[in-house]
J.: 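Sending over a structure as structure tokens; questions will come in a sec.
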Number of protein chains: 2
Amino acid sequence: MIDSTALPLATAEPHLRADAVRNRALLLEAAARLAARRGAAAITMEAVAAEAGVGKGTVSRRFGDRNGLIQALLDRSESLFQEAFLTGGPPLGPEADPATRLRAFGPALLRHEHADLELYLAAEPSPGRRFAVPARQLRHRHVAVLVRALLPGADADLLAHTLLASVDVVLTDHLVRGRGMPLARVEAAWLDLVDRLLS
Amino acid sequence: MIDSTALPLATAEPHLRADAVRNRALLLEAAARLAARRGAAAITMEAVAAEAGVGKGTVSRRFGDRNGLIQALLDRSESLFQEAFLTGGPPLGPEADPATRLRAFGPALLRHEHADLELYLAAEPSPGRRFAVPARQLRHRHVAVLVRALLPGADADLLAHTLLASVDVVLTDHLVRGRGMPLARVEAAWLDLVDRLLS
DNA sequence: AAGATAAACGGGCCGCGTTCCGTTTAGCGT
DNA sequence: ACGCTAAACGGAACGCGGCCCGTTTATCTT
């Protein structure tokens, strides 16, 4: 369970020593340099440490793991995006009505993600594999065929991806085991989603 | 681009030498033994090779990588599930009408995935991390709030997960860069999805 | 200012996945 | 039966991520 009152951006480390602050900045600059020069894949713990002129242990201690380092790299643009939909102007911000905000949120998130695409993909291990699994492709085709038959006007391909994502095993395991949600509720949500789409 | 006419289960290696066939079976048995004895996390290339009494190179050559090995372990139950929705009886199979099949597919997939949960999670690297990222949680809360305001009767928590999954960066990058889909189509699909849900 | 203390540092170490290449062997043609 | 060849084998080697622990150093206290 995560404390939802904490600000998500400030990592909130109580007191960071001066040398630690300096090295943190050095490491982020080094990582950005490496990414700009040789692509985000060049962001390895060793290379970043070497580029910054510190030991590997320092990277590990500061950012936890490679993923934490990449998240930290993304923090700046992430906070800009968050500002836009939390306190910004319409159509994303709170001055617009909820429907407008929700409609605008998707495209905004898409553009945000694709602006830092390399880093976001580098944060996910083997991103290409996930959709290359034959069993997944077969399920997608199956669902797409059914959707196409039921909703001729819809983008069946994408809607099938959405439906499958709603019962993705990583998501549902996170909800069921990680947050104690009954599996029956996930099943009910699938039925509800299908009904709303078909109605 | 993948040949969609190929059977997804048979790996279709043209001619596998007798010793290769034997070792393949040995390796799958060894991996299953390890998983049963010490959990799916114990499926490492080295351990499986040692348990089967072959070299690591043999595992690599046969299954490509650790993921391929786990996929091969899942093939049996996967093909049973595929049979159920491709050629089985109602409500999953082709004798039922599309709406019934689609409604039944979600719960069936959920049960299938959670039967082999350990293996499915072992096939995904660091599955827990994905939803622990603060930025992700913030986006989810934001979307859930909007959904709750717009659809009081719905399961806003799960619906928010579904909406976010439809514009997940890994998915959309796969579609845009991997399959040449225009980003505008993904944006249009989001708007269409929201409109269908709100109508 | 000087000592105490906790934090940070460094880089060696281990485990794992993947690659590579010299060696072995199964399958086939003659 | 006998080789020939391509496939398979094995395990050493490499790169990377994460961990650990002896050493260094910033910061606080008095």
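So that the names make sense, note that chain A is the first sequence line, chain B the second, and so on, each numbered from 1.
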J.: Grab the N/O contacts between the protein and nucleotides 12-14 of chain C below 3.5 Å, and write none if there aren't any.
T.:
unit_1	atom_1	unit_2	atom_2	d
dC13(C)	N4	Lys56(A)	NZ	3.2

J.: For Asp19(A) and for Arg66(A), find the nucleotide of DNA chain D with the closest heavy atom, then tell me which residue's nucleotide is more 5'.
T.: Arg66(A)
J.: Using whole Å, what does the distance between atom P of nucleotide dA7(D) and atom CZ of Arg24(B) come to?
T.: 18 Å
J.: How many whole angstroms separate atom CD1 of Ile43(B) from atom C1' of dG17(C)?
T.: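 For the pair Ile43(B) CD1 and dG17(C) C1', the rounded distance is 15 Å.
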J.: Taking the minimum atom-to-atom distance to the side chain of Asp65(B), which one of dG18(D), dC9(C), dT18(C) wins?
T.: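 Looking only at side-chain atoms, Asp65(B) lies closest to dT18(C).
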J.: Tell me the interatomic distance from Arg22(B), atom CZ, to dT25(C), atom P, rounded to whole angstroms.
T.: 11 Å
J.: Starting at CE of Met45(B) and ending at P of dT18(C), how long is that distance when rounded to a whole Å?
T.: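 Rounding to the nearest Å, CE of Met45(B) and P of dT18(C) are 6 Å apart.
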J.: Looking only at side chains, do Thr172(B) and His114(A) share a donor and an acceptor under 3.5 Å apart?
T.: yes
J.: Within this structure, what is the CZ-to-C1' distance between Phe63(B) and dT19(C), rounded to whole angstrom?
T.: 18 Å
J.: Please determine whether a side-chain nitrogen or oxygen atom of Asn23(B) lies at a distance below 4.0 Å from atom OP1 or OP2 of dC9(D).
T.: yes
J.: Should we say atom CZ of Arg129(A) is surrounded by more than 12 heavy atoms from elsewhere, each under 6.0 Å from it?
T.: no
J.: Just checking, any donor-acceptor pair under 3.5 angstrom between side chains of Asn23(B) and Thr58(B)?
T.: no
J.: Judged by atom type as modelled, is there a donor-acceptor pair below 3.5 Å linking the side chain of Arg66(B) to the main-chain atoms of Ala122(B)?
T.: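 Between the backbone of Ala122(B) and the side chain of Arg66(B) there is a qualifying donor-acceptor contact (under 3.5 Å).
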J.: So Ser60(B), base contact, sugar-phosphate only, or nothing? Heavy-atom distance under 4.0 Å.
T.: base
J.: Between Asn67(B) and Ala20(A), name the one whose nearest nucleotide on DNA chain C is closer to the 5' end.
T.: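 Here Ala20(A) is the residue nearer the 5' end.
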J.: Please tell me if Arg62(A) has a side-chain N or O lying less than 4.0 Å from either OP1 or OP2 of dC9(C).
T.: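 Answer yes for this pair, as a side-chain N or O of Arg62(A) is under 4.0 Å from OP1 or OP2.
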J.: Just checking Arg17(A): base, sugar-phosphate only, or nothing, at a heavy-atom cut-off of under 4.0 Å?
T.: base
J.: Please work out whether the ring planes of His142(A) and Phe105(B) are parallel, tilted or perpendicular, with thresholds of 30° and 60°.
T.: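 The rings of His142(A) and Phe105(B) sit tilted, inter-plane angle from 30° to 60°.
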J.: Side chains of Asp75(A) and Gln71(A): donor-acceptor distance under 3.5 Å anywhere?
T.: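 Per modelled atom types, Asp75(A) and Gln71(A) side chains form no pair under 3.5 Å.
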J.: Expressed as a whole number of angstroms, how long is the span from Leu16(B):CG to dT25(C):P?
T.: 18 Å
J.: Does Arg33(B), at its CZ atom, have more than 12 non-hydrogen atoms belonging to other residues, nucleotides or ligands within less than 6.0 Å?
T.: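 Yes, the 6.0 Å shell around CZ holds more than 12 heavy atoms from other groups.
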J.: What is the distance, rounded to the nearest whole Å, between atom CZ of Arg61(B) and atom P of dG22(C)?
T.: 15 Å
